[in-house]
S.K.: 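First the structure, then my questions, so here it is.
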Amino acid sequence: MRLIHPLTIRSIYYCLFFIIPNVNASTRPAIINVGAAFNFNSTIGAVATIAIQAGIDDVNADPTILRGSKLVINMQDTKCNGFIGMISALKLMGKHIVAVVGPQCSIIANIISHIAKELKVPLLSFAATDPAFSSLQYPYFIRTTLSDAFQMQAVSVFVHHYKWRQVIAIFMDDEYGRNGVIALANKLEEKQCKISFKAPLPLDANQTDIASLLVEVAQMDTRVIVLHANQITGVTILTVAHSLGMMQKGYVWIATDWLASKLDSRGPLAPQVMQAIQGVVFLRQHIEESAKKTQFISRWSTLVKKQTKEKLQLNSYALYAYDSVWILARALDEYFNDGGNISFSSDPNLQASDGRSGHLNLKAMAIFNGGEILLEKIKNISTNGVTGLIQFDQDGNRIHPAYDVVNVIDSELKIVGYWSNYSGLSVNPPEKLYSKPSNYSSASQQLEDVVWPGRSKMNPSGWIFAKNGKELRFVVPNRFSFKEFVSKNNETGESEGYCIDVFTAAIKLLNYPVPHKFISYGDGRNNPNYGDLVQKVSSNEFYGAVGDIAIVTNRALLVDFTLPFIESGLVVVAPVKKYNSNAWSFTKPFTNNLWFATVSSFLLTGIVMWILERRDNDLFRRSGSLKEQIVTILSFGFSTAYFAHKEPVGSTLGKILLLIWLFVVLVIQASYTASLTSILTLQQLSTPIKGIESLISTSYPIGYQVGSFAESYMVEELQIPRSRLRALGSPEEYAKALELGPENGGVAAIVDERPYVELFLSTNCQFTIVGSEFTKAGWGFAFPKDSPFTIDMSTAILKLSENGELQRIHDKWVINKVCSPTEEELESERLHLSSFWGLFLISAVASVLAILIYLSITFYQYVHEERNWTIKGFLSYVNTIEKTKTKPTGSQCQRSNSSVSSIGT
């Protein structure tokens, strides 16, 4: 076999490592055509022109990036016009470009994204921020800047931070404006806020159109205005607003990043314009400080002078445009490294039906064969540019979106904080927080002090009563009954009462004035219908309703209620009567069962003690006649109730049993005394009504207060026939109807709200509440739907409750007396057998055991004395007096009695 010379082997390795790579390198074209589409005459377009060209030059000057290939840029002016933009896009696509840097405007992006998808040409947009674009719908649209979805999230967090609940959105009536406001509405809803009014402006709006719209906005209560416009119209809007007095104290103007690009590139603006925008807060895409950014900024003035005589400063969109070129260059480099090449193929969809091209020469446009691979290279890019880390998430958005929060103060643009989707609002730059755990807690959300329009440093409330300086009209019920809660003073003509004082105290806690007056509703001879009262607020006849208005479902559907300032549920009121004592009142403390058990126990104890003592104790035997034995049993048994028994107890079993029984007697005696004392001072119900359930089950008439929701609740919810209901208008009518009763034309019970009932019972103790409260509600003040005043008043009511002022107002107008207990409480005063069965069981068991032990001992003695024993003989033995025992002496009797009596005592 012929050996291969070593030189030949080295030649082969040389070919593998040097010649083959050169073959791959040879597939890289000398020129790579790329396009750019944006509005040349806009501020963003002007700086983008310079930035894109600088990017092309820097890429072509870097031998490490494309290694011999050169980017050739072809720029087309879209003028942010749909038709012109489409023509410009078709021109670009006919030049066999591999990608487009742009477009700038969202409307153009929407049009040419379809063309890019068809021809597989990636679009790298540095300024189209419309949040409606998605990678699913437009797969070849890549946003190298930030989506407005993040900007609107930042606005919503800012609004929520200052506890504003509503905003007005002024926007341009195009896709960019409409989609941005839709995103804002969604983000605000997540924070329980809302857009109270959407104010679109046509793209060709003049100052007259703007002024007309702003006059309409000025008539509204909301004072937080979000301005999502373009640079030309946006500045005009702010200038006109200033001339209309809408840049005064109390207003809040939040501009999106259009103002940042305007001021960064063209600022400072004319003095009169800067004066007009004092206090405005706007957002700017946050770009972290880096060496690349600093170097590019230092070159900017030189780059501008090369291309234009116009004075243009750098804004964030120029940085995104510059990075877009580098993103494309690095993706192309990766594409070529993987063996990719530039080739195109015709699109059969662009051919005419006869095989010839149409009038637009569509044949010149071709599909970029490597477009899909290049797109993936762009999406997977991970590098650092002048805008920081460049990396895309799965939705095609830049990671770590962040904004500067900037405040216009004189000619200064002061950064008062930052927003990022990582940690919300912060006074520290977001890049310093990425190394720490994400923190969205309320305490961590911070901003520096803002100088608001009118040079105010006090945070605005976000809304005022914009009623042309007129007082707000609050409707107040002019009650006929229970005037302590709310009524009209006939002497002064002013409304007064508990509810009025609560409302006035709450108004004083607000941080803004509320000019108002109360309008009485009702003739003062009958209570007004509260449903009609709420309806008038719902129809905007009045700004709100102040009074004893129960918060119920059908009313809450029409208006918004504050938090309740008093609890108010429905209760049942029924008549009661004093307990009339009689000759047998002493028997009332015990039930019949308990009396029977007590008497039986006394007899049982007497019998058992007689059995235990009669054989050994002569005092229990006496003369032996049956009458005397019965008298002894009864005398001993019942005298123990007063610890007055005189018979001495000699046996051990008898003493133990007596001790147990005297303890039982002691407990029963004390309980009897306490129960009898209580019963003689109690009241009892005079009707069988014990609550709402028993009331429903009867056919008795039921009273309710005129104008109360109790009527509709009983009919609709409890299904009580309306024919059973009786309308009552005053406490006097309440008392009369209850006293008459259902048999005499009155009512069996009254159903009303607890505050009224408690006030009624404070002077009518012959009635009482039966059962428990069967609805849970409260009284609140009513305002139109979505009124921000509702939240402020609710907060004020909470403060009144916390500082005790609410209770002091209540005590001033409503003084409640303690009336009689309910029937359940009356019944509970009687003593039942179930409360003492344990004691009786112990006594009975002790008696039985004593008898058993006694009989066992006696039987044992009898068996030992009599060998031939019989039952008759045993009974005779038991009845025999113990001969060894003697009659106790007087001293013994005295000691025995004194010892047992002392035990009883």
S.K.: Ring-plane angle category for Trp419 and Phe150, please: parallel below 30°, perpendicular beyond 60°, tilted otherwise.
M.R.: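 Judged by the thresholds at 30° and 60°, the geometry between Trp419 and Phe150 is tilted.
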
S.K.: State plainly whether the residues Asp333 and Arg28 are in salt-bridge range, i.e. N to O under 4.0 Å.
M.R.: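 Salt bridge flag = yes for Arg28 with Asp333.
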
S.K.: Between Thr144 and Ser125, is there a donor-acceptor pair closer than 3.5 Å when you use the side chain of the first and the backbone of the second?
M.R.: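 Looks like yes, one N/O pair under 3.5 Å.
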
S.K.: Taking only residues two or more places apart in sequence or in another chain, which ones pass salt bridge (charged side-chain N to carboxylate O under 4.0 Å, His left out) with Asp174?
M.R.: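 Counting only residues at least two positions away or on another chain, Asp174 forms no salt bridge (charged side-chain N to carboxylate O under 4.0 Å, His left out).
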
S.K.: Begin from the C-alpha positions of Phe296 and Tyr322 and carry the test ring pair (Phe, Tyr, Trp, His ring centres under 6.0 Å) through to its verdict.
M.R.: CA-CA 10 Å; Phe296 187 76; Tyr322 179 81; 4.4 Å; yes

S.K.: Strictly distance-based, threshold 3.5 Å: is any side-chain N or O of Lys70 a donor or acceptor partner for the main-chain N or O of Asn60?
M.R.: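 Yes; at least one donor-acceptor contact below 3.5 Å.
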
S.K.: Among pairs that include at least one residue of residues 118-152, which meet disulfide (SG to SG under 2.5 Å), considering only residues two or more places apart or in two chains?
M.R.: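 Qualifying pairs, neighbours excluded: none.
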
S.K.: Any side-chain heavy atom of Tyr317 within less than 4.5 Å of one from Gln285?
M.R.: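 They are in side-chain contact.
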
S.K.: Determine the interplanar angle of the Tyr422 and His400 rings, folded into 0 to 90°, and report it as parallel if under 30°, tilted if 30 to 60°, perpendicular if over 60°.
M.R.: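 Taking His400 first and then Tyr422, their aromatic rings stand perpendicular (interplane angle over 60°).
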
S.K.: What residue among Ile32, Ile65, Leu328 forms side-chain contact (heavy atoms from CB on, under 4.5 Å) with Val59?
M.R.: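 It is Ile65; the other options fail the test.
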
S.K.: In this structure, are over 12 heavy atoms from other groups packed under 6.0 Å from Lys120 atom NZ?
M.R.: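 12 or below, so no.
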
S.K.: Between Ile52 and Phe126, is the side chain to side chain contact (heavy atoms under 4.5 Å, CB included) condition met? List the steps.
M.R.: CA-CA 10 Å; Ile52 291 173; Phe126 57 88; 4.0 Å; yes

S.K.: When you compare the side chain of Phe141 with that of Ile112, does any pair of heavy atoms fall below 4.5 Å?
M.R.: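 They are not in contact (no side-chain heavy atoms under 4.5 Å apart), so the answer is no.
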
S.K.: Look at the side chain of Ser113 and the backbone N and O of Ala109, then say whether any donor-acceptor pair between them is shorter than 3.5 Å.
M.R.: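 Yes, the answer is positive, given that a donor and an acceptor are paired below the 3.5 Å cut-off.
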
S.K.: Pairs in or reaching into residues 374-384: which pass salt bridge (charged side-chain N to carboxylate O under 4.0 Å, His left out), with residues at least two apart or in two chains?
M.R.: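 Qualifying pairs: Asp338-Lys377.
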
S.K.: With a 3.5 Å cut-off and sequence neighbours excluded, list the donor-acceptor pairs that the side chains of residues 81-90 form with protein atoms.
M.R.:
residue	atom	partner	partner atom	Å
Asn81	OD1	Phe83	N	3.0
Asn81	OD1	Ile84	N	3.0
Ser88	OG	Asp77	O	3.2
Ser88	OG	Ile84	O	2.9

S.K.: Compute the centroid of each ring, for His96 and then for Phe344, and state whether the two points are separated by less than 6.0 Å.
M.R.: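 Here the rings of Phe344 and His96 have centres that are less than 6.0 Å from each other.
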
S.K.: Any side-chain to backbone donor/acceptor pair from Gln445 onto Leu425? Under 3.5 Å, distance only.
M.R.: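 Yes; judged by distance alone, with no hydrogens or angles, the pair exists.
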
S.K.: Has the side chain of Gln313 got a donor or acceptor atom that lies under 3.5 Å from a matching backbone atom of Gly267?
M.R.: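 Here the side-chain-to-backbone pair exists.
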
S.K.: What pairs of residues pass the salt bridge (charged side-chain N to carboxylate O under 4.0 Å, His left out) test when at least one of them lies in residues 47-62, not counting sequence neighbours?
M.R.: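 Matches after skipping sequence neighbours: Asp58-Arg299.
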
S.K.: Does Phe40 have its ring centroid less than 6.0 Å away from the ring centroid of Phe38?
M.R.: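 Ring centres of Phe38 and Phe40 closer than 6.0 Å.
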
S.K.: Within a strict 4.5 Å, meaning less than it, do heavy atoms of the Leu184 and His228 side chains meet?
M.R.: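 Heavy-atom side-chain distance check fails, nothing below 4.5 Å.
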
S.K.: When you compare the side chain of Pro139 with that of Lys117, does any pair of heavy atoms fall below 4.5 Å?
M.R.: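 A side-chain contact exists here, since the closest heavy-atom pair is under 4.5 Å.
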
S.K.: Within a strict 4.5 Å, meaning less than it, do heavy atoms of the Lys191 and Trp164 side chains meet?
M.R.: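 No, their side chains stay 4.5 Å or more apart.
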
S.K.: Does atom CD1 of Ile232 have more than 12 heavy-atom neighbours from other groups under 6.0 Å away?
M.R.: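 Count not over threshold, so no.
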
S.K.: Which is it for Phe282 and Asp257 under the side chain to side chain contact (heavy atoms under 4.5 Å, CB included) test, yes or no, and what are the steps along the way?
M.R.: CA-CA 6 Å; Phe282 64 87; Asp257 60 2; over 6 Å; no

S.K.: Quick check: do Ile73 and Gln53 have side-chain heavy atoms less than 4.5 Å from each other?
M.R.: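 Ile73 vs Gln53: side chains touch.
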
S.K.: Checking Arg178 now: which residues fulfil salt bridge (charged side-chain N to carboxylate O under 4.0 Å, His left out) with it, not counting sequence neighbours?
M.R.: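 Expected list: Asp173.
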
S.K.: Can you list the residues that meet the side-chain hydrogen bond (donor to acceptor under 3.5 Å, both in side chains) rule with Ser265, with sequence neighbours excluded?
M.R.: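 Partners of Ser265 by the side-chain hydrogen bond (donor to acceptor under 3.5 Å, both in side chains) criterion, ordered by chain and then number, come out as Asn315.
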
S.K.: What I want to check is whether the side chains of Asp148 and Gln151 have a donor and an acceptor closer together than 3.5 Å.
M.R.: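 The criterion, which ignores hydrogens and geometry beyond distance, is satisfied for Gln151 and Asp148.
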
S.K.: Are the side chains of Ile254 and Ile225 in contact, using a 4.5 Å heavy-atom criterion?
M.R.: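 They are not in side-chain contact.
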
S.K.: With disulfide (SG to SG under 2.5 Å) as the rule and sequence neighbours excluded, what pairs involving residues 93-162 come up?
M.R.: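 Those involving residues 93-162 are Cys80-Cys105.
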
S.K.: With sequence neighbours left out, write down each residue that passes salt bridge (charged side-chain N to carboxylate O under 4.0 Å, His left out) with Arg266, or none if nothing qualifies.
M.R.: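 Listed in chain order: Glu310.
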
S.K.: Is Lys305 atom NZ crowded by more than 12 heavy atoms from other residues, nucleotides or ligands, each under 6.0 Å away?
M.R.: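 It does not: Lys305 NZ has 12 such atoms or fewer within range.
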
S.K.: Decide whether Thr78 and Asn39 meet the rule of one side-chain donor and one side-chain acceptor closer than 3.5 Å.
M.R.: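 Thr78 vs Asn39: no donor-acceptor pair found between side chains.
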
S.K.: Within a strict 4.5 Å, meaning less than it, do heavy atoms of the Ile415 and Val405 side chains meet?
M.R.: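 No, their side chains stay 4.5 Å or more apart.
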
S.K.: Mind checking what makes salt bridge (charged side-chain N to carboxylate O under 4.0 Å, His left out) contact with Lys194, not counting sequence neighbours?
M.R.: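 Partners of Lys194 by the salt bridge (charged side-chain N to carboxylate O under 4.0 Å, His left out) criterion, ordered by chain and then number, come out as Asp786.
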
S.K.: Under the rule for side-chain hydrogen bond (donor to acceptor under 3.5 Å, both in side chains), what residues qualify as partners of Lys293, not counting sequence neighbours?
M.R.: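 Per chain and number, Lys293 pairs via side-chain hydrogen bond (donor to acceptor under 3.5 Å, both in side chains) with Glu289.
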
S.K.: Once ring-ring contact (aromatic ring centres under 6.0 Å, His included) is applied, what residue pairs with a partner in residues 53-74 remain, sequence neighbours excluded?
M.R.: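 Pairs touching residues 53-74 that pass the test: none.
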
